[in-house]
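Written out below as structure tokens is the structure these notes cover.
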Amino acid sequence: MNAYLTAMLAIIWREGLRFVHQRERFVAALVRPLVWLLVFAAGFRAALGLSITPPYQTYITYETYIIPGLCGMIILFNGMQSSLSLVYDREMGSMRLLLTSPLPRWWLLFSKLLGSSMISVVQVYVFLGIAALFDITMPPLGYVAVLPALLLSGLMLGGLGLFLSSLIKQLENFAGVMNFVIFPMFFLSSALYPLWKMAESSGVLVTICKVNPFTQAVEMIRFALYSEFSGPAFAWTGVATIVFVCLAVWGYDPARGTNRRLG
Amino acid sequence: MSCTLSISGLSHAYGNRVALDNVGFDIEAGRFCALLGPNGAGKSTLYSRLTRLITGAPAKISIAGIDLEAAPRQALARMGIVFQQSTLDLDLTAHQNLVYFAALHGISAGAAKSRIEAALERLDMTDRAHEKVRTMNGGHRRRVEIARALLHRPQVLLLDEATVGLDAATRSQITAHVHALCEQEGMTVLWATHLTDEINPTDQVVILHQGKVLTNDTASAIAGDAGLEAAFLALTSDATKGTR
């Protein structure tokens with residue numbers, strides 16, 4: 001087997017094993033969106049009126065509306081948590097193993113991203129399965145069509161997390177970044193409320209929401225769940241993925257990112 | 001005899017603080033070279049430069065004939081590394097750690113099988129191959145790390161204070177094993193330490209202090225009649241006074 005593929009499969013395998021070993025993390029990753037879906041949405045549905053907007057053909061419940069946003073939430077938290085583990089790996093030394101491999105660093109980092117994205121996808125499907133048990137279902141084909149959208153979103157948010165992890169010197173600093181990245185990204189998006197609703201309150205906020213790559217990822221997932229392709233959301237997410245992954249590779253360049261920290 | 005590890009003109013600074021100042025020395029093939037220096041001498045920075053964890057001012061570093069700056073990946077492929085801090089995944093077994101490492105060097109699990117068995121056997125770790133690293137003591141973990149560093153059959157083995165935190169008996173076993181690698185398999189070893197009892201009289205010794213090479217000779221030549229530890233303390237003490 002090709003050396004590149006061997007290394008990629010091993011990195012994905014290790015990510016998978018790490019996931020299996022951290023069952024608490026898996027449960028926590030599911031509890032968060034389920035609380036939003038089953039508690040928050042139940043209380044919010046009466047307060048928030050929804051009009052018929054694409055890809056929806058008819059009026060939908062609020063629970064149905066927030067499903068793509070909660071899928072995005074799982075990927076967002078998982079991407080950041082995976083980066084958190086990288087900061088930990090770097091502090092504990094095991095990141096050095098990856099960085100001293102003779103294979104290209106960009107390939108190894110991309111493999112790591114792919115591995116963590118695949119874990120996110122598994123978590124999203126489990127979440128969609130539990131949602132289905134509560135009669136919150138999508139068209140059957142949507143469950144298949146959403147797979148590439150989930151994977152691309154995973155790469156984008158994982159890439160962002162990887163880049164952030166290259167900037168963070170100590171594990172303790174990560175909590176601050178979580179507050180400054182995760183929450184603004186999640187709340188300034190279409191995950192919990194449609195953008196037209198946001199536009200009623202603030203034009204500035206809706207502009208921020210529109211340029212937020214997380215919004216585009218959520219919209220890409222939303223359309224894909226209904227077997228529709230949103231070109232602009234895909235393009236925006238794709239460009240953001242390339243930018244974040246390039247920044248992450250730059251961040252882990254030995255001449256730059258890790259220079260002051262590994263000596 | 002040809003030099004398997006050659007360093008010249010290596011300097012490195014963290015801001016205004018100079019960690020390495022024009023460091024240079026050669027190690028012949030099959031030699032055990034102890035890099036002896038007190039804490040803060042620049043040993044870990046030297047290892048980070050040799051392993052490309054950091055880069056900096058240009059220097060001439062050759063690993064098994066490969067220029068590290070011109071062809072870093074080829075040079076890394078010829079290098080086995082044991083870091084001061086453990087880099088094992090505690091939740092994986094020793095065997096799984098080795099399979100993972102082999103794959104990072106592009107060696108598939110099938111191809112790595114015989115190498116892993118041989119590496120574990122050489123370090124008397126076969127019985128513990130399927131134990132999780134978390135359950136192992138420090139000495140066994142170090143043995144797994146050394147076995148791992150040898151999997152891709154490197155020509156140069158770098159060990160950065162590999163015996164830190166181990167008891168005397170385990171330190172002695174690991175030191176003897178690495179010496180045997182040089183003698184029996186022609187491995188070139190750079191062994192960073194601040195403990196003189198890990199060094200044999202015929203070993204090459206490079207004393208690093210405040211980022212500079214103070215001396216580079218055999219242990220017996222440096223030790224003279226006073227003994228290596230006394231000579232080491234005298235050299236580093238004189239150098240410290242000289243800089244005041």
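To find a chain, count down the sequence lines: A is the first, B the second, and so on, and within it residues start at 1. Below, each value reflects all heavy atoms present in this structure, side chains not excepted, and no hydrogens, waters or symmetry copies. In this text, all values refer to a predicted model and were calculated from it rather than measured experimentally.
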Honestly, the part of B/Leu46 sitting under 4.5 Å from a heavy atom of chain A is neither
Side chain from CB out, backbone as N, CA, C, O: work out which of these in B/Leu104 comes under 4.5 Å of a heavy atom of chain A, or both, or neither. both
Does the side chain of B/Leu157 reach to within under 4.5 Å of the side chain of B/Leu190, using non-hydrogen atoms? no
Would you call the rings of B/Tyr100 and A/Trp13 parallel, tilted or perpendicular, where under 30° means parallel and over 60° means perpendicular? tilted
Can a donor-acceptor pair be found, under 3.5 Å and without considering hydrogens, that links the side chain of B/Arg78 to the backbone of B/Gln74? yes
Side chain / backbone / both / neither for B/Lys132 at chain A, heavy atoms under 4.5 Å: side chain
Heavy-atom proximity to chain B below 4.5 Å, by part of A/Leu108: side chain
Contact between A/Met118 and A/Ile12 at the side-chain level, heavy atoms closer than 4.5 Å - yes or no? yes
For B/Arg148, is it the side chain, the backbone, both, or neither that has a heavy atom closer than 4.5 Å to a heavy atom of chain A? side chain
Is the cationic atom of A/Arg32 (NZ for Lys, CZ for Arg) positioned less than 6.0 Å from the six-membered ring centroid of A/Phe77 and within 45 degrees of its normal? yes
Would you say the ring centers of A/Phe214 and A/Trp236 fall short of 6.0 Å from each other? no
Applying a strict 4.5 Å limit to non-hydrogen atoms, the region of B/Phe101 in contact with chain A is side chain
Which answer fits A/Leu17, side chain, backbone, both or neither, if we ask what part of it has an atom under 4.5 Å from a heavy atom of chain B? side chain
With only heavy atoms counted, which part of B/Gln84 is less than 4.5 Å from chain A, the side chain, the backbone, both or neither? neither
